[in-house]
Asks: 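Have a look at the structure that comes next, please.
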Amino acid sequence: MERFLGPGGELSKIIENFEHRRGQVTMAQRALKAFNEGGALLVEAGTGIGKTLAYLIPAILSNRKIVISTGTKNLQEQIIGKDIPVVQKLFPGRFKAALMKGRGNYLCKRRFKNFAQQPLFVNTKEGKMFAAIHNWAPKTSTGDRAELSGLPDNYKAWSDINSKSDLCLGSACPTYESCFITKMRSDAATADIVVVNHHLFFADLNLRENSFGEVIPRYDAAVFDEAHIVEETATTYFGVSIS
Ligand code: SF4
């Protein structure tokens, strides 16, 4: 691990002002051991230690399919947009990474087409914002609403055009082949690293427990980043309340 994270190591040639941190090397060594030998590893790492790289590098070295689950969508974006590209420079062409979010985050091409023919909005402000979605929809390759940086979280019309399992036509849909959900799942199926969030992870686990299928493809190991939120999220899907 010193070869990558040590003083004068591979990472220092890629990251400007890279600082060697003993804790980062130790965490990466333990993570590699856990990926290779199985079992659980619990790590508490101080801020700024570089923990994302300390699990991403061993994840690639293990040659296993790894799911990384984060507490927030922001961290998902950061891992895919910032950390994975660094690791790709370290291991060019050696692995594929994919991002998975809950299906409600993705545009449904069929519902969007229907809605755009006769759009109805709760107010004129929403109507004006729809122009940006109309412009984005034919260009996006992911359909992920996070690409629409100006779209407020409470934009009501999104629920008229996003993907919903109960309204999805599946393989009978005329746009099934180019559907963003189909693409997200097939990208994840062939990826070595799949970045999800805790909500999707436990929703998927719940489906598996109840034999209703699965959303996340089979994996060899899971990493929970922002693990302090895991208990709360897991309780949402597996908790029992008594009154
Ligand atoms: S397959 Fe489902 S989610 Fe995809 S475009 Fe068709 S209806 Fe929408």
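Indexing begins at 1, ligand by ligand and atom by atom, following the structure's order. It should be emphasised that the depicted structure is a prediction, and the values quoted were computed from it without experimental measurement.
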Asks: Enumerate the protein N/O/S atoms at a distance below 2.8 Å from atom 6 (Fe) of ligand 1, ignoring waters.
Replies: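 Protein N/O/S atoms under 2.8 Å of atom 6 (Fe) of ligand 1: Cys173 SG.
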Asks: Roughly how far, to the nearest 0.5 Å, is the CD atom of Gln88 from the NZ atom of Lys96?
Replies: 11.0 Å
Asks: Can Glu226 and Thr72 be counted as having a side-chain donor-acceptor contact under 3.5 angstrom?
Replies: yes
Asks: Would you indicate whether the side-chain heavy atoms of Phe35 and Asp220 approach each other to under 4.5 Å?
Replies: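 Side chain of Asp220 against side chain of Phe35, heavy atoms only: no contact under 4.5 Å found.
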Asks: Please list, chain by chain and in numerical order, all residues satisfying side-chain hydrogen bond (donor to acceptor under 3.5 Å, both in side chains) with Lys183, sequence neighbours excluded.
Replies: Asp187
Asks: Using the test side-chain contact (heavy atoms from CB on, under 4.5 Å), find all partners of Ala227 that sit at least two apart in sequence or belong to another chain.
Replies: Phe224, Val230
Asks: Please verify whether a non-hydrogen atom of Arg103 lies at under 4.0 Å from ligand 1.
Replies: yes
Asks: Only counting residues at least two apart or in another chain, list the ones meeting side-chain contact (heavy atoms from CB on, under 4.5 Å) with Cys168.
Replies: Arg103
